2 protein chains.
Amino acid sequence: MAWEEVLAQNGYRVTAPRRAILLVLQGATQPLTPEEILAQARQLHPSLGLVTVYRTLDVLNALELVRCAHRDRACHGFLPATQGHHHVIICQKCHRAVEFPGDEDLEGLFRRIEEQTGYRVCDHLLQLAGLCPACQKEEAIEPYPLEEKI
Amino acid sequence: MAWEEVLAQNGYRVTAPRRAILLVLQGATQPLTPEEILAQARQLHPSLGLVTVYRTLDVLNALELVRCAHRDRACHGFLPATQGHHHVIICQKCHRAVEFPGDEDLEGLFRRIEEQTGYRVCDHLLQLAGLCPACQKEEAIEPYPLEEKI
DNA sequence: CCCTTTTTGAAAAATATTTTCAGTAACATC
DNA sequence: GATGTTACTGAAAATATTTTTCAAAAAGGG
């Protein structure tokens, strides 16, 4: 289904600024920042403002028409690192984090990706979210609030 | 090896502000933001400034004493999403991205993590970095610059 | 074509991060 | 232990990013 239809069917209006942003994103071959989307979309709709880009991205993300990707390994929190183990699982309720190994388990997947995409896999980012043992027990009493943010 | 030794052996000075930050991070059970680290570390070294937290995190990250984790699913770039496929591989050189499926391959790993950690796995974030077919060919001529940022 | 409601863009506010710079402190050398 | 070099520090300012506010404009059902 075309993106404009999805918007309309979900009660969102199809406006010129949104159309410009949609076109830019539909043509994207790499993750674009809001600022980059603005620059490209202004060629289609010069009066476009950055705020509208942020708001439209929220909508498109909620409708799962776009996906977000991390650039430049930017991060938001720091943990002590244990040598050799490179992944983390964080409790969605209490935020307690533990590390786990897992690179061996991923090798098979990586080889398959390399065959399917032609890319060479050099590095990876894997992070899990879940419920720690303690929070699983309390869940029946007080369910954790669903993550609203993108 | 103790963190202070690692600092010293790599030519960094062991100072009171750094010691305070080290202690906070070593005791962390969840990913902490620079602001959160500041608040806790000021109890050990009241004159500490936020700038020093950022700078110390850069050092600790370079020495691989800390690991960074993404909080609240924050993101830095947007791509059009294809239904059902939830992972992306991005070329480190030209930044071209392609999606691939892979949830089935991860199930085994997730079950193992659940057994080992007691956590229940609810959600995951997997993103790969690599070289696209075109950039692999050109690599001999012009190697891609290594990612310096955290 | 009109009315209601959503959407828009500008400006301001709130947040987050980096740079600059003069003073301070670590530590190698004496 | 004193001393000199150099790295490190904190405050302030600069820069960057995202959100909020609000009056005006536009969508689209009637």
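This is a predicted model, so every value here is computed, not measured. A, B, ... follow the sequence lines: proteins, then strands. Residue 1 opens every chain. Values below: all heavy atoms of this structure, side chains included; hydrogens, waters and symmetry mates excluded.
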Round to a whole Å and report the spacing from [atom1] of [X] to [atom2] of [N].
X	N	atom1	atom2	result
A/Tyr54	C/dA16	OH	P	13 Å
A/Glu35	D/dT15	CD	C1'	13 Å
B/Leu44	D/dT9	CG	P	15 Å
A/Asp58	D/dT17	CG	C1'	14 Å
B/His76	D/dA16	NE2	P	15 Å
A/Asn61	D/dT18	CG	C1'	15 Å
B/Leu38	C/dA16	CG	P	13 Å
B/Phe78	D/dT17	CZ	P	14 Å

Exercise for review: Answer with yes or no whether the hydrophobic clustering places A/Ile21 together with A/Trp3; edges join I, L, V, M, F, W, Y residues whose side-chain heavy atoms lie under 4.5 Å apart.
Suggested key: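 Same hydrophobic cluster.
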
Check your understanding: Between residues 20-27 of chain A and DNA chain C, which residues have a heavy-atom gap below 4.0 Å?
Key ->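 The stretch gives none, as no residue of it lies under 4.0 Å from the strand.
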
Check your understanding: If the sugar-phosphate is the primed atoms plus P, OP1 and OP2 and the base is the rest, what is the B/S/- string for nucleotides 6-13 of chain C, using protein heavy atoms under 4.0 Å?
Key -> BSBBBB--

Would you mind listing every salt bridge (Lys or Arg N to Asp or Glu O under 4.0 Å) that reaches into [range], with sequence neighbours excluded?
range	result
residues 22-32 of chain B	none
residues 76-87 of chain A	none
residues 98-109 of chain B	A/Arg67-B/Glu99, A/Arg112-B/Asp105, B/Glu107-B/Arg111
residues 4-20 of chain A	A/Glu4-A/Arg19

Could you go through residues 45-52 of chain A and list every donor-acceptor pair under 3.5 Å that involves a side-chain atom there, pairing it with any protein atom two or more places apart or in another chain?
from	atom 1	to	atom 2	distance (Å)
A/His45	NE2	A/Ser47	OG	3.3

**Study point:** salt bridge (charged side-chain N to carboxylate O under 4.0 Å, His left out) partners for B/Glu35, two or more places apart
**Key:**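 Partners of B/Glu35 under the salt bridge (charged side-chain N to carboxylate O under 4.0 Å, His left out) test: none.
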
Check your understanding: Quick one: side-chain contact (heavy atoms from CB on, under 4.5 Å) partners of A/Val6, sequence neighbours excluded?
Key ->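 Expected list: A/Met1, A/Asn10, A/Leu63, A/Leu65.
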
Review point. Can you list the residues that meet the side chain to side chain donor-acceptor pair (under 3.5 Å) rule with A/Glu64, with sequence neighbours excluded?
Key: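 By the side chain to side chain donor-acceptor pair (under 3.5 Å) rule, A/Glu64 matches no residue at all.
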
Check your understanding: Considering residues, nucleotides and ligands other than A/Arg42, do more than 12 of their heavy atoms fall under 6.0 Å from its CZ?
Key ->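 Enclosed: over 12 neighbouring heavy atoms sit under 6.0 Å from CZ of A/Arg42.
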
Exercise for review: Check the pair A/Ile89 / B/Tyr119 against side chain to side chain contact (heavy atoms under 4.5 Å, CB included), numbers first and verdict last.
Suggested key: CA-CA 8 Å; A/Ile89 178 164; B/Tyr119 274 61; 3.6 Å; yes

Practice item. Considering non-hydrogen atoms only, spot the tightest contact between A/Leu109 and B/Gly102 and give its length. Key: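 So the minimum-distance heavy-atom pair works out to CD1-CA, 4.2 Å.
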
Enumerate all atom pairs, one protein N or O and one N or O from nucleotides 28-30 of chain C, separated by less than 3.5 Å.
none

**Study point:** Net bend of the helix from C/dC1-D/dG30 to C/dC30-D/dG1, end axes of five pairs each, nearest 10 degrees
**Key:**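 That helix gives 40° between its end axes.
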
Practice item. Could you tell me whether B/His87 and A/His124 have their ring centroids closer than 6.0 angstrom? Key: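 Centroid distance B/His87-A/His124: not below 6.0 Å, so no.
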
